[in-house]
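In what follows, a single structure is set out as structure tokens and then discussed.
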Amino acid sequence: MQEPLKIGVLISGSGTNLQAIIDEIAAGRLNVEIVLVLSSRPDAYGLKRAAEAGVQTMSLNRDVYADAEAADALIASVFKRAGAEYLVMAGYMRMVGPIVLGTFEDRVVNLHPALLPSFKGAHAIQDAFEAGVKVTGVTVHFANAEYDKGPIVAQRAVPVREDDTVDTLEARIHEVEHELYPWVLGHLANGDISVDPATRRVHIANA
């Protein structure tokens with residue numbers, strides 16, 4: 001069996017997507033090793049999830065982020081030192097900067113709860129619901145310098161039901177996130193995913 005893909009995970013909150021990845025690894029369905037979980041908040045519950053799974057953790061705070069460039073350099077350094085091959089943002093509520101993006105070029109993965117390029121930003125589920133769309137969904141993409149605009153890796157649609165509330169729609173979107181993110185990571189671990197340097201389109205072999 002090939003060596004597991006080594007990933008670093010960035011979080012800011014409860015870490016449900018982190019838990020989904022941990023569970024798939026524990027079940028033997030995902031050939032990935034989480035080498036470090038870094039949180040932008042010391043009180044993030046996701047840190048407890050990581051610790052319970054035996055994963056190394058690190059937390060930053062507002063004081064560190066006050067100097068954005070220094071924080072960016074620190075994040076790049078600690079993940080590189082931990083041996084991360086890819087960085088996975090799982091509810092990380094800060095943008096990564098040019099140092100991280102340069103150190104891990106086309107290897108910073110993000111999850112967004114809408115079908116990009118529609119409904120960018122931090123309130124995507126609420127915005128889609130209020131817009132009255134009949135279909136929204138989940139997008140996994142590579143992060144770049146523009147917020148929610150990097151090359152799209154995978155998407156999955158989530159219908160908006162007539163009796164949906166924002167809360168019920170959000171719950172179903174999270175269910176899809178917990179399936180789609182490990183699916184993408186599995187293909188990364190298999191070496192199936194590439195970015196065309198000319199078109200910036202993502203290709204997935206054996207999808």
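Counting from 1, the numbers follow the sequence of the chain as shown. As the structure is a prediction and not an experimental result, all values here were calculated from the model.
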When you measure from the side chain of N61 to the backbone of V64, do you find a donor-acceptor pair of N or O atoms at a distance under 3.5 Å? yes
Just by modelled atom types, is the Q2 backbone N or O under 3.5 Å from a matching donor or acceptor in the N31 side chain? yes
Could you pull out all residues at least two apart from H187 that satisfy ring pair (Phe, Tyr, Trp, His ring centres under 6.0 Å)? W183
dist K6:NZ -> L36:CG (nearest 0.5 Å) comes out at 13.5 Å
Assigning hydrophobic clusters by single linkage (Ile, Leu, Val, Met, Phe, Trp, Tyr; side-chain heavy-atom cutoff under 4.5 Å), is L87 placed with I99? no
Quick one: CG on N144 to CD on E105, what's the gap to the nearest 0.5 Å? 10.5 Å
Verify, without hydrogens or angle tests, whether D192 (side chain) and N206 (backbone) share a donor-acceptor contact under 3.5 angstrom. no
Derivation and outcome, salt bridge (Lys or Arg N to Asp or Glu O under 4.0 Å), residues D127 and K120: CA-CA 9 Å; D127 292 345; K120 299 176 182 177; over 6 Å; no
What I want to check is whether the side chains of S77 and R81 have a donor and an acceptor closer together than 3.5 Å. yes
Any donor and acceptor pair, going by atom type alone, linking the side chain of T136 with main-chain N or O of V158 inside 3.5 Å? no
Are the side chains of I34 and I21 in touch, meaning some heavy atoms are under 4.5 Å apart? yes
Given 3.5 Å as the limit, does a donor-acceptor pair link the side chain of N17 with the main chain of A90, or not? no
Would you say that L111 contacts V138 through its side chain, given a criterion of any heavy-atom pair below 4.5 Å between the two side chains? yes
Taking everything shown except H203 itself, do over 12 heavy atoms lie less than 6.0 Å from its NE2? yes
The test is side chain to side chain contact (heavy atoms under 4.5 Å, CB included); show your working for L10 and V108 and say whether it passes. CA-CA 10 Å; L10 297 101; V108 180; 5.6 Å; no
How long is the gap from CE on M95 to CE on M89, to the nearest 0.5 Å? 8.0 Å
Identify whether the distance between the nearest side-chain nitrogen and carboxylate oxygen of K80 and E85 falls below 4.0 Å. no
Check ion pair R29-D23 (N to O, under 4.0 angstrom): no
Hphob cluster co-occupancy, L60 + V78, side-chain heavy atoms under 4.5 angstrom: yes
May I ask whether V166 and V176 are part of the same hydrophobic cluster, defined by side-chain heavy atoms of I, L, V, M, F, W, Y residues being less than 4.5 angstrom apart, directly or through others? yes
Indicate yes or no for a side-chain donor-acceptor contact from D196 to the backbone of R201 under 3.5 Å, with no hydrogens or angles considered. no
State which residues pass side-chain hydrogen bond (donor to acceptor under 3.5 Å, both in side chains) with H174; sequence neighbours excluded, sorted by chain then number. E170, E177
Is the number of heavy atoms from other residues, nucleotides or ligands under 6.0 Å of E130 CD greater than 12? yes
Passes side chain to side chain contact (heavy atoms under 4.5 Å, CB included), D148 versus H141? Steps please. CA-CA 8 Å; D148 291 336; H141 68 99; 4.0 Å; yes
Rounded to the nearest 0.5 Å, how far apart are CG of L30 and CD1 of I7? 7.5 Å
In terms of hydrophobic clustering (I, L, V, M, F, W, Y; side-chain heavy atoms under 4.5 Å; direct or indirect links), are L74 and L47 co-clustered? no
Salt bridge or not for D43 and R41, using N-O below 4.0 Å? yes
Is there a side-chain contact between K134 and E162, using heavy atoms and a 4.5 Å cut-off? yes
Correct closest heavy-atom pair for E33 and P4 would be N-CB, 3.9 Å
Between I193 and V153, is there a side-chain heavy-atom distance shorter than 4.5 Å? yes
What pair of heavy atoms forms the shortest contact from A44 to I11, and how long is it? CB-CD1, 4.3 Å
Non-hydrogen side-chain atoms of R200 and V195 separated by less than 4.5 Å: yes
R107 to F142, cation-pi by 6.0 Å centre distance and 45° axis angle: no
Are side-chain N/O atoms of S59 and S39 paired as donor and acceptor at under 3.5 Å? no
Heavy-atom closest pair, residues Y86 and V109: CD2-CG2, 4.1 Å
Compare all side-chain heavy atoms of D164 with those of R172 and state whether any distance is below 4.5 angstrom. yes
Donor-acceptor pair, side chain of H178 and main chain of I173, under 3.5 angstrom: no
When every non-hydrogen atom of L116 is compared with those of Q155, the smallest separation belongs to O-NE2, 2.8 Å
L38 to Y65 - nearest heavy-atom pair and separation: CD2-OH, 4.2 Å
Just so I know, are the side chains of V96 and F104 near enough to count as touching, which here means a heavy-atom distance under 4.5 Å? no
Taking all non-hydrogen atoms of both residues, which atom of T139 and which atom of A114 are closest, and how far apart? OG1-O, 2.6 Å
F129 side chain near I125 side chain, heavy-atom distance below 4.5 Å: no
V140 with L115, same ILVMFWY side-chain cluster at under 4.5 Å: no
Show your reasoning for whether side chain to side chain contact (heavy atoms under 4.5 Å, CB included) applies to Y181 and V88. CA-CA 9 Å; Y181 225 0; V88 175; 3.4 Å; yes
Quick one: OG on S14 to CD on Q19, what's the gap to the nearest 0.5 Å? 10.0 Å
